[in-house]
Amino acid sequence: MHYTQVDNLIPVILAAQAGDDEAISQLLDMFSQDFDREAAYGKSYVDPDLRQELQIKFVYILNRFDVGKHLLQPSTDSHPRHYRT
């Protein structure tokens with residue numbers, strides 16, 4: 001499953017930050033297509049060392065991500081909804 005198919009990543013992120021190995025694995029799986037795409041950028045193959053480095057940095061950033069601060073940010077919805085009254 002890709003992360004774009006999940007309605008809310010916050011519970012998974014919080015579980016991962018609390019040390020839940022299953023949640024970390026789930027997030028790594030969700031973003032695996034992105035790791036592969038970035039690790040193959042400009043090449044015809046996925047560089048396994050680069051992929052692993054991307055995963056390590058992802059987990060590092062994941063553990064420092066401030067969910068509360070993120071939730072306080074206004075939505076960046078690029079398609080504002082217009083309602084008729």
Side-chain angles (χ1 to χ4, degrees):
M1 173 183 312
H2 193 256
Y3 69 91
T4 57
Q5 298 171 316
V6 178
D7 288 334
N8 190 355
L9 288 174
I10 300 299
V12 184
I13 292 171
L14 291 173
Q17 289 177 339
D20 183 343
D21 291 335
E22 183 62 35
I24 294 170
S25 293
Q26 185 179 2
L27 285 168
L28 289 171
D29 287 342
M30 285 181 193
F31 285 86
S32 67
Q33 293 173 9
D34 301 290
F35 297 137
D36 288 345
R37 184 182 66 247
E38 293 300 320
Y41 184 76
K43 301 180 214 95
S44 60
Y45 64 94
V46 174
D47 182 333
D49 293 332
L50 182 53
R51 185 180 201 282
Q52 184 176 32
E53 188 67 29
L54 289 167
Q55 290 173 321
I56 291 168
K57 289 181 180 188
F58 177 81
V59 172
Y60 177 84
I61 291 167
L62 173 69
N63 287 321
R64 283 148 186 81
F65 180 68
D66 187 344
V67 173
K69 185 176 179 181
H70 168 73
L71 292 174
L72 291 174
Q73 296 294 320
S75 174
T76 59
D77 188 359
S78 61
H79 302 288
R81 294 180 180 94
H82 298 283
Y83 298 100
R84 291 182 183 194
T85 55

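Position 1 is the first residue of the sequence; numbering continues from there.
Judged purely by atom type and a 3.5 angstrom limit, Q17 uses its side chain to pair as donor or acceptor with the backbone of L62.
Under the 4.5 Å side-chain heavy-atom criterion for grouping Ile, Leu, Val, Met, Phe, Trp and Tyr, I10 is connected to V59 within one hydrophobic cluster.
Residues D20 and Q26 form no side-chain contact, since every pair of their non-hydrogen atoms from C-beta on lies 4.5 Å or further apart. With a 4.5 Å cut-off on side-chain heavy atoms, Q55 and S32 do not count as touching. For the pair L54/D34, no side-chain contact is recorded, criterion being any heavy-atom separation below 4.5 Å from C-beta on. Between K43 and L50 the shortest side-chain heavy-atom distance falls below 4.5 Å. Looking at Q33 and D36, their side chains never come closer than 4.5 Å, going by heavy atoms from C-beta outward.
For the atom pair H70 NE2 and I13 CD1, the distance stands at 7.0 Å (nearest 0.5 Å). One distance of note links CZ of F65 with CD1 of I61; it measures 11.0 Å at 0.5 Å rounding.
F58 and F35 have perpendicular rings, their planes meeting at more than 60° on a 0 to 90° scale where under 30° would count as parallel.
With a 6.0 Å radius and a threshold of 12 heavy atoms from other residues, nucleotides or ligands, K69 has its NZ atom at or below the threshold.
The shortest heavy-atom contact between A15 and A23 is CB-CB, 3.7 Å.
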